[in-house]
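Have a look at the structure below, then the notes.
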Amino acid sequence: MNEARNIDDDLGFQRRSWALQRVGWLALVTWLTTSIAGVTGPGPWSLVRVEQGSVSVEYERLLHLDAPTRLVVFLRREGPGTVEIGLGEALLEDFELVSVVPRPQAESLAPHERRLSLDLSDAGVVRVELRVVARRSGRQVAQLRVGEATLEPIQQFVFP
Amino acid sequence: MDPILRVVVAYTFLLVLFRLAGRRTLGDLSPFDFVLLLVISEFTQQAVVRDDPSLTAASVLCGSIVGLNVGLSLLKARSRRLERWLEGVPVVLVEHGRPRRTAMRLARVDEEDILAAARSRQGLERMDQIRLAVLERTGGISVVPER
């Protein structure tokens with residue numbers, strides 16, 4: 001406190017405060033850079049592609065609550081036919097299914113999954129896109145079945 | 001996450017962010033600063049309210065944020081140390097017409113800012129007419145003229 005002027009100026013304290021401020025700026029830049037890279041949500045680092053036989057699944061392992069995300073299933077097909085995709089219980093509980101492209105011909109509910117039947121006329125690699133919205137934050141483990149094959153669990157973390 | 005917890009997180013984050021930004025960032029609001037504040041409030045509002053636009057939720061959220069602000073002001077009144085860390089201290093920028101360069105550089109204030117404050121608040125034209133220029137805790141520059 002400067003007694004003569006009655007002003008509470010303290011350059012020593014202010015210098016410490018400014019030094020801390022600059023550390024904060026550095027933390028802010030780090031936070032933003034890692035966010036761009038996909039450490040705090042969707043981005044290059046967060047995108048995962050898992051291959052299992054003739055099926056591969058692409059998804060973001062780091063998500064934001066209430067934000068839409070895509071779960072893309074790639075199927076290698078010898079010829080046209082019907083394929084069934086089963087969405088596990090955990091996926092249905094923690095996510096809201098917004099749309100499926102191409103649209104399934106039929107949908108049904110089984111005890112522990114929701115089944116989507118897709119009539120695929122193309123051979124080669126077929127892309128099925130599930131658009132979902134995370135409705136619960138924290139670690140999520142979802143199960144997906146394509147035809148007879150149960151895929152490896154999809155592990156994601158939803159930031160609040 | 002509980003809505004009140006979301007308010008607490010948003011409040012704390014904004015408190016830290018604005019403290020990091022420094023006093024000069026939003027001390028004297030320019031039209032662009034004002035737009036920036038509106039954009040920040042819009043981003044925050046969406047994250048806090050989420051999908052519950054009910055009057056009950058709004059009253060709980062408003063009550064929480066006002067309560068937090070009152071609580072923090074009571075804490076600051078009890079602890080001078082906390083008050084200094086959260087709001088900073090006044091910084092003397094000019095003394096008897098002599099600018100304090102280091103303080104000015106660290107506070108991101110230049111001579112033009114001080115002269116603008118001197119002109120608008122005291123009708124002064126030159127640095128040597130200023131007895132004291134102080135960057136206040138609110139971010140504004142107060143000027144005391146030489147007698």
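Numbers restart at 1 for each chain; the letters A, B, ... are given by sequence-line order, proteins then strands.
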Region of A/R136 in contact with chain B, defined by heavy-atom distances below 4.5 Å: neither
Donor-acceptor check, side chain of B/S79 to backbone of B/L75, threshold 3.5 angstrom: yes or no?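 No, B/S79 side chain to B/L75 backbone: no donor-acceptor pair under 3.5 Å.
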Side chain, backbone, both or neither: which part of B/R19 has a heavy atom under 4.5 Å from chain A? both
Between A/L28, A/D66, A/L20, which residue shows the highest count of heavy-atom pairs closer than 4.5 Å to chain B? A/D66
For chain A, the option from B/V144, B/V134, B/V91 that forms the most heavy-atom pairs under 4.5 Å: B/V91
Mind checking salt bridge (charged side-chain N to carboxylate O under 4.0 Å, His left out) for A/E129 and listing every partner two or more places apart, or none if nothing turns up?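 For A/E129 the salt bridge (charged side-chain N to carboxylate O under 4.0 Å, His left out) partners, ignoring immediate neighbours, are A/R70, A/R127.
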Minimum heavy-atom distance between A/R77 and A/V126, given as atom pair plus value: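 Smallest heavy-atom distance, with atoms named: CG-CG2, 3.6 Å.
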Check the pair A/W45, A/R61 against side-chain contact (heavy atoms from CB on, under 4.5 Å), reporting the backbone distance first and the verdict last. CA-CA 9 Å; A/W45 194 78; A/R61 58 184 162 177; 3.8 Å; yes
